[in-house]
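Just so we're on the same page: letters track the sequence lines, and every chain starts at 1. Note that this is a predicted model, so its numbers are computed, not measured.
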Amino acid sequence: MDYTQSGSDILLKQPDFGLDDTLDCGQAFRWEKIDKKTYSGAFLNNKLTISEEPENGVFRLHDTTVQNFENIWIDYFDLNTDYGELKRRFSENETLSKACSFAGGIRILRQDSWEALSSFIISQNNNIPRIKGIIGRLCEHYSGYPSAEDMADETIDSLAYLRSGFRAKYLVDAIEKILSGEIDYQKIKEMPLDDARNELMKIKGVGPKVADCTLLFGFYKTDAFPKDVWVKRVLAQWYPNGLPSCVKGVEGIAQQYLFHYIRNTQK
DNA sequence: TTCCAGGCGTATC
DNA sequence: GATACGCATGGA
């Protein structure tokens with residue numbers, strides 16, 4: 001990773017990165033493609049517009065400072081992790097090797113815990129365009145992604161405008177358990193995977209899959225391996241006897257390459 | 001019209 | 001522990 005300031009922008013050189021692969025692969029739901037090579041989105045209340053400039057071999061982070069880049073975006077885009085090294089590790093397995101070649105620009109976004117939890121509650125038995133719609137209405141209503149505290153007074157009825165269906169009651173339960181302290185992010189951060197998953201599953205509407213997505217994308221537990229309908233197809237088709245040893249400890253990162261691969265090659 | 005979507009709660013055995 | 005079924009909503 002290598003970056004420089006250019007006027008009011010930051011220019012980033014990062015070979016193992018692609019905006020379509022990372023920002024539109026179903027791990028985060030509020031990055032918006034505003035033209036062919038540019039996305040707009042946010043981490044918490046920090047907005048960002050980022051463009052790919054392949055002719056210069058750089059990414060342009062618009063209107064940001066070295067300080068913001070170092071304090072926020074290096075971590076969010078996981079720029080201190082060597083994805084080239086991970087892909088070399090994965091390439092010893094045939095299917096993973098194809099998946100990494102198919103979308104070599106995937107990176108895991110280190111998202112906010114609440115945004116990941118609430119987004120993946122909304123995601124259950126749902127499709128990605130509709131998930132984006134619900135989250136878009138939520139953010140429009142609050143002028144940004146609301147915290148659990150912001151949503152303290154929400155009820156099933158007050159959330160009706162989201163048209164999130166049966167998931168509204170799950171959001172209300174999650175808000176309650178977080179505000180009461182029954183669910184404690186700090187404790188979850190320190191727990192091993194199985195304990196952390198059980199802790200999150202105390203929330204109604206959070207089962208193994210939503211919990212693992214929350215732990216992978218919202219707590220950066222890279223050993224969490226969410227099994228949705230697509231990944232179950234991957235396992236049945238290519239890994240009937242389990243995952244290869246080359247993914248040990250980073251199962252979740254491998255999962256993201258596999259998810260994107262099967263979803264975009266087998267409709 | 002029916003089927004499906006980054007699943008889960010509940011009932012039943 | 002496994003399996004069957006309903007669930008809000010909207011696009012294909």
Side-chain angles (χ1 to χ4, degrees), chain A residues 20-31 41 99 102-103 106-138 140-141 154-177 183 193-194 196-239 243 251-267:
Chain A
D20 289 330
D21 287 350
T22 294
L23 301 178
D24 194 21
C25 68
Q27 58 171 323
F29 301 101
R30 59 184 182 124
W31 285 94
F102 180 75
I106 288 178
R107 309 180 72 82
I108 301 291
L109 297 170
R110 295 192 184 217
Q111 300 180 62
D112 171 62
S113 299
W114 168 247
E115 179 172 340
L117 172 60
S118 48
S119 294
F120 283 95
I121 286 173
I122 291 166
S123 80
Q124 69 177 81
N125 194 226
N126 213 341
N127 56 60
I128 291 177
R130 199 165 163 266
I131 298 164
K132 287 183 176 173
I134 293 168
I135 291 172
R137 290 188 283 279
L138 179 67
E140 190 176 3
H141 182 83
E154 295 289 5
T155 63
I156 295 172
D157 288 338
S158 73
L159 291 174
Y161 73 94
L162 292 179
R163 303 199 298 281
S164 62
F166 61 88
R167 306 165 191 84
K169 57 181 177 291
Y170 300 151
L171 288 173
V172 170
D173 191 61
I175 293 162
E176 262 177 35
K177 288 193 165 73
I183 299 293
L193 180 62
D194 289 347
R197 183 189 300 115
N198 286 330
E199 193 65 16
L200 284 172
M201 285 172 57
K202 291 178 180 171
I203 299 167
K204 279 183 208 150
V206 177
K209 193 275 174 179
V210 170
D212 280 347
C213 281
T214 304
L215 293 170
L216 176 59
F217 303 123
F219 288 87
Y220 202 69
K221 289 194 184 285
T222 56
D223 52 342
F225 186 81
K227 290 179 192 158
D228 73 309
V229 290
W230 294 99
V231 172
K232 284 176 183 167
R233 282 169 207 158
V234 168
L235 294 176
Q237 200 169 326
W238 290 302
Y239 302 106
L243 292 170
E251 291 87 346
I253 300 179
Q255 189 268 13
Q256 197 55 31
Y257 289 103
L258 292 169
F259 170 78
H260 192 266
Y261 179 56
I262 194 166
R263 213 171 79 86
N264 290 284
T265 54
Q266 298 186 12
K267 210 185 68 153

Touch check for [X], heavy atoms < 4.0 angstrom, all strands: base, sugar-phosphate only, or nothing?
X        : value
A:Arg163 : sugar-phosphate
A:Lys232 : nothing
A:Gly26  : base
A:Pro129 : nothing
A:Val206 : sugar-phosphate

Using atom [atom1] of [X] as one end and atom [atom2] of [N] as the other, report the distance to the nearest whole Å.
X        : N      : atom1 : atom2 : result
A:Asp212 : B:dC8  : CG    : C1'   : 14 Å
A:Lys209 : B:dG9  : NZ    : C1'   : 17 Å
A:Ile131 : C:dG11 : CD1   : C1'   : 13 Å
A:Tyr161 : C:dT9  : OH    : P     : 15 Å
A:Tyr170 : B:dT10 : OH    : C1'   : 10 Å
A:Met201 : B:dT10 : CE    : P     : 12 Å
A:Asn126 : B:dG7  : CG    : P     : 8 Å
A:Ile128 : C:dT9  : CD1   : P     : 21 Å

Looking at A:Asp212 and A:Lys227, does any basic side-chain N land under 4.0 Å from a carboxylate oxygen?
no
Salt bridge flag under 4.0 Å for residues A:Arg233 and A:Asp228
no
Counting only side-chain N and O atoms of A:Arg130, is one of them less than 4.0 Å from OP1 or OP2 of C:dA12?
no
Strictly below 4.0 Å: does A:Lys169 bring a side-chain N or O up to OP1 or OP2 of B:dG9?
no
Under a 3.5 Å distance rule, please check whether A:Gln27 uses its side chain to pair with a backbone N or O of A:Phe217 as donor and acceptor.
no
Do A:Arg163 side-chain atoms and A:Gly133 backbone N/O form a donor-acceptor pair below 3.5 Å?
no
Taking atom types as they are modelled, is there a donor-acceptor pair under 3.5 Å from the base of C:dA8 to the side chain of A:Asn125?
yes
On a plain distance test, is the side chain of A:Arg167 in donor-acceptor contact with the base of C:dA8 below 3.5 Å?
yes
Same-atom distance (C1') from B:dC8 to C:dG11, integer angstrom:
22 Å
Could you work out the separation of C:dG10 and B:dG9 based on their C1' atoms and round it to a whole Å?
23 Å
Go through the steps to decide whether A:Glu115 and A:Ser119 satisfy the test side-chain hydrogen bond (donor to acceptor under 3.5 Å, both in side chains), and finish with yes or no.
CA-CA 6 Å; A:Glu115 179 172 340; A:Ser119 294; 4.7 Å; no
By nearest-nucleotide position on DNA chain B, the 5'-leaning member of A:Asn127 and A:Gln124 is A:Asn127
